[in-house]
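Lettering of chains follows the sequences in order, A, B, ..., and the numbering in each one begins at 1. Hydrogens, waters and symmetry mates play no part in the numbers below; they use all other heavy atoms, side chains included.
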Number of protein chains: 2
Amino acid sequence: MERAPVHGIEVFLTIVQEGSLRAAANVLGVGAPAVSLQLKALEERLGVGLIIRSTRSIELTEAGRVLFEAAGPAYRDMIYAVKKTREVGASLNGTLRLSLSRGAYVAALAPVLERFQADNPGINLELSWNEELVDINREGFHAGIRLGDVLSPDMVAVRLTGPLATVFSASPGYLDRAGRPEHPRDLLEHNCIRYKLPTANRIADWVFCEDGQDKVIDPPARLVFDHVLGVIQAAREGHGIGWSMRATAEEHLASGELEAVLDPYARALPPFYLYYPEQNKRVECLRLLIDCLVTHRDRQRRDGPKS
Amino acid sequence: MERAPVHGIEVFLTIVQEGSLRAAANVLGVGAPAVSLQLKALEERLGVGLIIRSTRSIELTEAGRVLFEAAGPAYRDMIYAVKKTREVGASLNGTLRLSLSRGAYVAALAPVLERFQADNPGINLELSWNEELVDINREGFHAGIRLGDVLSPDMVAVRLTGPLATVFSASPGYLDRAGRPEHPRDLLEHNCIRYKLPTANRIADWVFCEDGQDKVIDPPARLVFDHVLGVIQAAREGHGIGWSMRATAEEHLASGELEAVLDPYARALPPFYLYYPEQNKRVECLRLLIDCLVTHRDRQRRDGPKS
DNA sequence: ACATACTATTTAGTAATACTAAATAATGGA
DNA sequence: TCCATTATTTAGTATTACTAAATAGTATGT
């Protein structure tokens, strides 16, 4: 790298400001010879003398004056830039931008939101609620929350929940009409309301669990949504059987609008994870959020797992 | 010096501008690992990630964007400052400011002035014509020309002339009236026109030479000037005997207005020197002037010493 | 999907640089 | 003149920067 052009200018500026090499050495926290040698090296690199020094005083040469007047303000600007950059990482104040799906919000973030906001009055949360898997960095997000099966391997991932229970469900009216499936293969004879991944642009596999093995089934996609709430909605309206996270359907199961079927075969989905690029690991706001989420996750497990 | 805060920023900025570590390495003239390590070290120092890098592309984190936007312009300013500073030393154009006495001008500079100006059309000369010995650097001069006996030891000195012949002289009318001294001690009985050093604020010794020895004499200072031309003027007007450089009085000696006395005792003064602070030794304009002056000095000696 | 071609990183070793302590030199003031 | 202070030189040491070689990761084309 052959010595950056600006190398040593800090020493020069400090000498001028302090008025002597010794004072500059004290300010910089080094011995006097270090300053002397650095200054000499700088003059050597620039090919011109900068400071006329006697043991009792210093004076700038013409070149020294030019450098001091031009580089001084620029150097201060750089110091300021560095300071601001540090603050991005160190600040306990600021805005944390997250990208997360509705399900992720409900299952992972919502339970701790109130406490987090109360504990961290300086941190604003900016939540982008979308189902697509976005490039969180390019879009200006600090982190995202997604299901574990869609994570990039180059992201740091923090598990936020246990595995997520799922449910096959339909309205009682539909089931009365079309019959209640006893085994997943019966689904092939049913109206199945499928979910299409918005980004991958393909219909999500239906996976069930039998004898401890995951098995894929592909019932006819008579009705497809790219949003989970659409699936639930259609199921409630009696259009067929949907497969969703249990938490998402829970309220309708409780009210009797939906009825669960095939429960022994309902496979758990991988947990939600918060993920972020390695380079954001020192953003203090993010660390605080993660602490909060993980604390909640661990308390959940102790008090009794929900999902 | 514990690593200047701005250290490594050049590497960071280059990476961002070039779009990859490898390209930055090429630009900086180092291997790829060097860049990688420097970037990592910078992130470590700032306590925050700056660039998210995969093998095919890079992206800035929020902190990286802050740093790039704030430090980029400041860094360019510093580069510019360094460039301007270099030019002070390297430029063959510009203004050279000299402090010199009238005698120095006549004896040392004037003979080469025309040639120097012709050879160096880019260099402007700014001459401060004063008898006082000024602090050339504090006053913004690059160099000065003075007699050898008043030089500070911390300046680089370049001899420009041989020893300077002096002359005791008076008007023929005065000498007819007061008599022609045969030996310096006769001066004690004469009106002597003395010279007072403007800076030192003391009357200059009269020194003569006898048997190879310098001897000081202190005739009554009936009439004192702080400018050599005053001494000459008064001598021409018949007010007494003056002591001056022979070159300064030459034209009046030739015209018969002045008549030399005590020539065997007239001591030569030390030569004129150009002097400048060590730190200006690389100012290219000054080197050119010195070359020109020294060339002339040596040609003078070969062709026949004048003084 | 697989190989290919690039790019980044790690590691270990080496070259270069920065710094210190101690001695020396220089300077302004009592 | 000496004293107090400051700068510089020198020699040695510690730190840092860099490279080469090996490894790992990723987008592109086939």
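Closest contact between the side chain of Arg53(B) and the listed nucleotides dT19(D), dC19(C), dT9(C) involves dT9(C). Considering only the side chain of Pro33(A), dA22(C) comes nearest among dT9(C), dC19(C), dA22(C). Each of dT9(D), dT9(C), dT20(C) was ranked by its minimum atom distance to the side chain of Lys40(A); first place goes to dT9(D).
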Revision key, fill the gap. The contact string for nucleotides 24-30 of chain C, one letter per nucleotide 5' to 3', using protein heavy atoms under 4.0 Å with B, S and - for base, sugar-phosphate only and none, comes out as --BBS--
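Note: CG (Asn26(B)) to P (dC6(C)) measures 14 Å, nearest angstrom. We find that CG of Leu21(B) is positioned 14 Å from P of dC18(D), with the value rounded to whole Å. Note: CD1 (Ile51(B)) to C1' (dA8(C)) measures 12 Å, nearest angstrom. To the nearest angstrom, P of dA17(D) lies 11 Å from CG of Leu42(B). Atom-to-atom, CZ of Arg45(A) to C1' of dT17(C) comes out at 11 Å; the value is rounded to the nearest Å. Remark: P of dT6(D) and CG of Leu39(A) are 17 Å apart, rounded to the nearest angstrom. Here the P atom of nucleotide dT26(D) and the CZ atom of Arg22(B) are 17 Å apart, to the nearest Å. dA8(C) atom C1' lies 15 Å from atom CD of Glu59(B), rounded to whole Å.
Contact annotation: Ser36(B) side-chain N/O to dT9(C) OP1/OP2 distance is under 4.0 Å. Taking 4.0 angstrom as the limit, Gln38(A) places a side-chain polar atom (N or O) nearer than this to OP1 or OP2 of dC19(C). Between His7(A) and dA18(C) there is a side-chain polar atom (N or O) within less than 4.0 angstrom of OP1 or OP2.
Residues Val11(B) and Leu42(B) fail the side-chain proximity criterion, which asks for heavy atoms closer than 4.5 Å.
Proximity of a side-chain donor or acceptor of Glu10(A) to a complementary backbone N or O of Ala4(B) within less than 3.5 Å is not detected.
The existence of a salt bridge linking Lys215(B) and Asp205(B) is excluded, since no basic side-chain nitrogen approaches an acidic carboxylate oxygen closer than 4.0 Å.
From Leu100(A), atom CG reaches atom CD1 of Ile145(A) across 5.0 Å, with rounding to the nearest 0.5 Å.
If Ala32(A) and Ala23(B) are placed on DNA chain C by their nearest nucleotide, the residue sitting closer to the 5' end is Ala23(B).
Residues Ser99(B) and Arg146(B) have side chains that bring a donor and an acceptor to within less than 3.5 angstrom of each other.
Judged as a side chain to side chain contact (heavy atoms under 4.5 Å, CB included), and not counting sequence neighbours, the contacts of Glu44(B) are Arg282(A).
If you run side chain to side chain contact (heavy atoms under 4.5 Å, CB included) between Gln279(A) and each of Val48(B), Leu50(B), Ile52(B), only Ile52(B) comes through.
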